[in-house]
Amino acid sequence: MRGLIPGHMSQTMKIASWNVNSIKARLDHVKAWLDSQKPDILLLQELKGLDFPYDVFDAMGYRCAAVTQKAYNGVAILSRHEIGLIHEKLPGMDHDEQARYIEADINNVRVIGIYAPNGNPVDSEKFPYKLTWLEHLKNRLAALRADRVPVVIGGDFNIIPDDHDCHDPQVWAGDALFRPESRRLYRAMLNLGYSDAFRVRTQNGGHYTFWDYQGGAWPANKGIRIDHFLLSPCIADRLQSCTIDKEPRGLEKASDHTPIIVTIAAPAKEG
DNA sequence: ATGGCTTTATGCTAAAGA
């Protein structure tokens with residue numbers, strides 16, 4: 001056999017996602033986490049401001065693409081590989097002013113980072129906005145499937161997929177994150193052929209990515225699983241692991257979310 | 001629970017989050 005293709009192409013890709021609840025407030029946590037985990041790609045959500053510290057991450061060897069707005073929302077991609085930006089708005093919602101979507105080609109994989117709308121309270125305009133946004137996301141994922149694009153989509157979906165993905169379904173009944181309409185759209189995305197990477201590797205419940213600041217939710221482990229990675233079939237075949245790193249949630253001045261990490265094996269050699 | 005924290009914005013309070 002000829003020599004391996006040089007560089008990262010021949011190696012596992014480690015991709016993480018983290019809702020940091022303000023990149024400004026969490027910059028030291030993110031830097032320390034990058035130093036210890038050394039992901040190839042990190043998707044960030046809830047940047048919560050116009051400014052993005054491109055120079056800080058550049059000095060650490062990460063290229064950056066960020067979609068920001070004043071005070072709210074905001075998503076970014078950090079990558080050790082070149083980032084080929086494809087979209088900064090969710091297709092079909094091009095006039096939406098909220099910074100919730102970023103799509104790029106990285107290392108021959110289509111990488112999408114999302115911060116889906118919360119949707120509460122459900123009797124406000126925020127809930128139909130959430131469902132409309134998710135409907136457009138489903139349409140985008142359907143189009144990428146039709147084109148057989150290898151996709152890794154990660155981020156804060158703001159959806160609790162199943163009863164055992166929260167500490168107490170009765171507490172969350174009626175919440176926008178748990179409403180049947182939201183969960184139905186999540187299932188519809190899976191039914192396009194995408195895999196919930198964490199669920200593929202871990203079938204039992206009680207694994208969470210978010211714990212509320214209030215009410216002692218973290219020490220009581222009253223959490224919910226709302227940050228996800230979905231993988232298109234060819235990528236799912238290469239899935240090596242999907243884990244939740246709870247450690248950052250226990251730090252002082254922590255985000256209320258903690259990172260989720262997937263590792264994807266190199267594509268099979270041809271010939 | 002009628003949100004008990006946390007963050008942003010230019011602030012002495014509101015809005016949003018999940």
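Letters go in sequence order (proteins before strands), and every chain restarts at 1. The structure displayed is predicted, hence computed values, not measured ones.
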Linking Ile, Leu, Val, Met, Phe, Trp and Tyr through side-chain heavy atoms less than 4.5 Å apart, which residues share a cluster with A/Tyr208? A/Trp211, A/Trp218
Selection residues 136-166 of chain A - residue pairs positive for ring pair (Phe, Tyr, Trp, His ring centres under 6.0 Å), sequence neighbours left out: A/Phe157-A/Tyr186, A/Phe157-A/His228
Spacing of A/Tyr115 atom OH relative to B/dT7 atom P, expressed in whole Å: 14 Å
Check whether any side-chain N or O of A/Arg26 sits under 4.0 Å from OP1 or OP2 of B/dT6, and answer yes or no. no
Donor-acceptor pair between A/Ser22 and A/Glu46 side chains, under 3.5 angstrom: no
At under 4.0 Å between heavy atoms, what does A/Asn19 touch on the DNA or RNA strands: base, sugar-phosphate, or nothing? sugar-phosphate
Roughly, in whole Å, what's the span from CD in A/Gln98 to C1' in B/dG17? 12 Å
Pairs involving residues 170-179 of chain A, ordered by first then second residue, that meet side chain to side chain donor-acceptor pair (under 3.5 Å) (sequence neighbours left out): A/Asn120-A/Asp175, A/His167-A/Trp172, A/Arg179-A/Glu181
For the side chain of A/Ser255 and the backbone of A/Asn19, is there at least one donor-acceptor N/O pair under 3.5 Å apart? yes
What is the nucleic acid contact for A/Asp156, judged by heavy atoms within less than 4.0 Å: base, sugar-phosphate only, or nothing? sugar-phosphate
What are the residues of residues 172-180 of chain A, sorted by number, that bring a heavy atom to within less than 4.0 Å of DNA chain B? A/Trp172, A/Leu177
Would you kindly give the CG-to-C1' distance between A/Asn158 and B/dG17, to the nearest whole Å? 9 Å
Qualifying salt bridge (Lys or Arg N to Asp or Glu O under 4.0 Å) pairs, either residue in residues 142-161 of chain A, two or more places apart: none
Only pairs at least two apart or in different chains count here, so list each salt bridge (Lys or Arg N to Asp or Glu O under 4.0 Å) that has a residue in residues 240-259 of chain A. none
Can you check the distance between B/dA15 and B/dT10, where both ends of the measurement are the P atom (answer in whole Å)? 15 Å
Can you list, by chain and residue number, the hydrophobic cluster partners of A/Phe52 when the side-chain cut-off is 4.5 Å? A/Trp18, A/Val20, A/Ile23, A/Leu27, A/Val30, A/Trp33, A/Leu34, A/Leu42, A/Leu44, A/Leu47, A/Tyr54, A/Val56, A/Phe57, A/Met60, A/Tyr62, A/Leu78, A/Ile261
Inter-nucleotide P distance (B/dG4, B/dA14), Å rounded: 14 Å
Rounded interatomic separation in angstrom, taking CG from A/Leu47 and C1' from B/dG17: 15 Å
I need the CG-C1' distance between A/Asp212 and B/dA1, as an integer number of Å. 13 Å
Quick test of your reading: applying salt bridge (Lys or Arg N to Asp or Glu O under 4.0 Å), list the pairs with at least one residue in residues 114-133 of chain A, sequence neighbours left out, ordered by first then second residue. none
State which residues pass side chain to side chain donor-acceptor pair (under 3.5 Å) with A/Thr202; sequence neighbours excluded, sorted by chain then number. none
ring-ring contact (aromatic ring centres under 6.0 Å, His included) partners for A/His207, two or more places apart: A/Phe198
How many whole angstroms separate atom CG of A/Asn120 from atom C1' of B/dT2? 16 Å
Salt bridge check, A/Arg201 against A/Asp196: does any charged N sit closer than 4.0 Å to a carboxylate O? no
I need the residues from residues 244-257 of chain A with at least one non-hydrogen atom less than 4.0 Å from DNA chain B; give them sorted by number, or say none. A/Lys253, A/His257
Separation of A/Leu50 atom CG from B/dT8 atom P, in whole Å? 13 Å
Can you tell me the distance, in whole Å, between the CG atom of A/Asp123 and the P atom of B/dT2? 12 Å
Assert: residue with more 5' nearest nucleotide on DNA chain B, out of A/Ala116 and A/Gln214, is A/Gln214
Reading nucleotides 10-16 of chain B from 5' to 3' and marking B where a protein heavy atom lies under 4.0 Å of the base, S where only the sugar-phosphate is that close, and - otherwise, the string is S-----S
B/dA16 versus B/dA1 - spacing of their P atoms, nearest Å: 24 Å
